[in-house]
Asks: 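Have a look at this one before I ask anything.
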Amino acid sequence: MKVIVCEDYAAVSAAAADIIEKIVREKPDCTLGLATGSSPVGMYQELARRCREEGLDFSGIHSVNLDEYVGLEPTHDQSYRYFMNDNLFDHINIDKKNTYVAKGTGDVDANIAEFNAVLDKTDIEIQVLGVGPDGHLGFNEPGDTLYDGAHREVLDESTIDANARFFATRDEVPRYAVTMGMGNIMRARALLMIISGNKQEAAAKLLIQDKIDPRCPATFMRMHRDATVILEKKLADEIGYKG
Ligand code: GLP
């Protein structure tokens with residue numbers, strides 16, 4: 001696993017954008033696996049700038065997202081479809097028809113079946129990841145066992161707490177989500193994780209401990225042949241990561 005320690009969040013975002021840019025230039029018709037959450041927002045802004053000012057071309061790129069809340073319409077400002085449009089797709093020359101975010105409303109089982117069908121025929125070139133404070137990836141919550149494919153997940157109380165900041169009240173945070181499984185994530189050709197925010201516990205388990213722990217799904221990154229983790233020096237120092 002490659003670990004890049006950067007001075008600040010701007011440098012983290014630029015380093016992550018460099019990795020995505022290289023892939024987009026080398027494989028202009030590939031599929032990017034994308035993530036929501038605040039961690040990749042700076043990278044998305046940097047990619048949008050490079051598209052606008054430097055001609056980085058997304059016209060042939062496809063994308064598939066990690067997850068979606070159950071119960072939120074795509075037009076809801078906290079849905080992950082809305083997030084992706086607002087933070088990236090509306091600012092680059094990607095064809096939105098080539099972007100896939102699982103549906104959160106309607107028949108959940110049918111949505112999961114459709115999500116799995118999309119994933120089965122998609123080769124994800126690189127999967128962008130954030131990490132939850134409890135180590136969740138996408139919405140794969142810690143557990144004794146983890147899922148291979150796309151599925152419905154019951155959100156942990158700590159995840160509801162962590163994501164409540166985006167909603168008017170905690171009660172409005174959805175209790176369920178549909179998410180890629182750990183197998184889908186691990187089958188991406190490359191993984192790119194941005195760790196930002198108060199993630200000391202998850203970061204320490206991932207970067208310091210030599211353990212694969214289903215109680216911290218982020219640790220599965222260690223098993224991937226082409227995984228990169230990018231974090232700020234402040235967080236690296238707080239957990240005593242020396243490289
Ligand atoms: C949500 C998303 C995850 C994301 C996590 C961390 O739970 N489902 O994919 O990694 O939030 O978000 P943030 O980057 O805002 O800390």
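We count ligands from 1, going down the list as the structure has it; atoms in each ligand are counted the same way.
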Asks: Under 4.0 Å, heavy atoms only, figure out whether ligand 1 is touched by the backbone of Met180, its side chain, both or neither.
Replies: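 The answer is neither; Met180 stays 4.0 Å or more away.
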Asks: Number the atoms of ligand 1 from 1 as they appear, then name those within less than 4.0 Å of a heavy atom of Gly130, with their elements.
Replies: 10 (O)
Asks: What about Val131: any of its N or O atoms under 3.5 Å from an N or O on ligand 1?
Replies: yes
Asks: Hey, is Glu153 one of the residues with a heavy atom under 4.0 angstrom from ligand 1?
Replies: no
Asks: Quick check on the hydrophobic clustering: are Val3 and Leu137 connected, directly or via other members, by side-chain heavy-atom contacts under 4.5 Å?
Replies: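 Val3 clusters together with Leu137.
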Asks: What residue and heavy atom of the protein are closest to atom 16 (O) of ligand 1, and at what distance?
Replies: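 For this ligand atom, the closest protein heavy atom is Lys199 NZ, 2.7 Å.
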Asks: What protein heavy atom sits nearest atom 1 (C) of ligand 1, and how far off is it?
Replies: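 Of the protein heavy atoms, Tyr80 OH, 3.5 Å lies nearest.
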Asks: Please verify whether a non-hydrogen atom of Gly138 lies at under 4.0 Å from ligand 1.
Replies: yes
Asks: Just to be sure I read this right, does ligand 1 sit under 4.0 Å from the backbone of Ser39, its side chain, both, or neither, counting only heavy atoms?
Replies: both
Asks: Side chain, backbone, both or neither: which part of Asp67 has a heavy atom under 4.0 Å from ligand 1?
Replies: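 Contact part for Asp67 vs ligand 1: side chain (C-beta onward).
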Asks: Start with the C-alpha gap between Asp144 and Arg215, add the side-chain angles, then the distance that decides, and say whether salt bridge (charged side-chain N to carboxylate O under 4.0 Å, His left out) holds.
Replies: CA-CA 7 Å; Asp144 292 337; Arg215 296 256 154 219; 2.6 Å; yes
Asks: Indicate whether the side chain of Glu141 and that of Tyr147 have a donor and an acceptor atom separated by less than 3.5 Å.
Replies: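 Short answer, no.
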Asks: Counting heavy atoms only, which part of Leu129 comes closer than 4.0 Å to ligand 1: side chain, backbone, both or neither?
Replies: neither
Asks: If you measure every N/O of Thr36 against every N/O of ligand 1, is any gap under 3.5 Å?
Replies: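 No, since none of the N or O atoms of Thr36 sits under 3.5 Å from an N or O of ligand 1.
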Asks: Considering non-hydrogen atoms of the protein only, which is the closest contact for atom 12 (O) of ligand 1, and what is the distance?
Replies: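 Ranked first by proximity to atom 12 (O) of ligand 1 is Gly37 CA, 3.8 Å.
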Asks: With side chain to side chain contact (heavy atoms under 4.5 Å, CB included) as the test, would you mind laying out the steps for Arg152 and Ile112 before giving the verdict?
Replies: CA-CA 7 Å; Arg152 190 182 80 137; Ile112 291 168; 3.8 Å; yes
Asks: Output yes when Lys103 and Glu114 qualify as a salt bridge under the 4.0 Å nitrogen-oxygen rule, no when they do not.
Replies: yes
Asks: Could you walk me through whether Thr99 and Arg81 pass the side chain to side chain donor-acceptor pair (under 3.5 Å) check?
Replies: CA-CA 9 Å; Thr99 68; Arg81 163 50 76 182; 3.1 Å; yes
Asks: Report the C-alpha separation of Val229 and Met221 in whole Å, then their side-chain angles, then the decisive distance to 0.1 Å, and conclude whether the side chain to side chain contact (heavy atoms under 4.5 Å, CB included) test is met.
Replies: CA-CA 9 Å; Val229 179; Met221 286 281 288; 3.7 Å; yes
Asks: Using only heavy-atom distances, determine whether the side chains of Arg189 and Thr31 contain a donor-acceptor pair under 3.5 Å.
Replies: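 On atom types as modelled, these side chains do not qualify, holding no pair under 3.5 Å.
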Asks: Would you mind finding which of Gly132, Ser38, Ala202 brings a heavy atom closest to atom 13 (P) of ligand 1?
Replies: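 When every heavy atom of Gly132, Ser38, Ala202 is considered, Ser38 comes closest to atom 13 (P) of ligand 1.
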Asks: Check this for me - ligand 1, Thr159, N or O atoms closer than 3.5 angstrom, yes or no?
Replies: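 No, since none of the N or O atoms of Thr159 sits under 3.5 Å from an N or O of ligand 1.
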Asks: Apply the ring pair (Phe, Tyr, Trp, His ring centres under 6.0 Å) test between Tyr80 and each candidate in Phe89, Tyr100, Tyr69; give the one that qualifies.
Replies: Tyr69
Asks: For a side chain to side chain contact (heavy atoms under 4.5 Å, CB included) check, start with the C-alpha distance between Ile208 and Tyr241, then their side-chain angles and the critical distance, and finish with the verdict.
Replies: CA-CA 7 Å; Ile208 313 266; Tyr241 176 74; 4.1 Å; yes
Asks: Measure the distance from atom 7 (O) of ligand 1 to every protein heavy atom, then report the residue, atom name and distance (to 0.1 Å) of the closest one.
Replies: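 It is His136 NE2, 2.8 Å.
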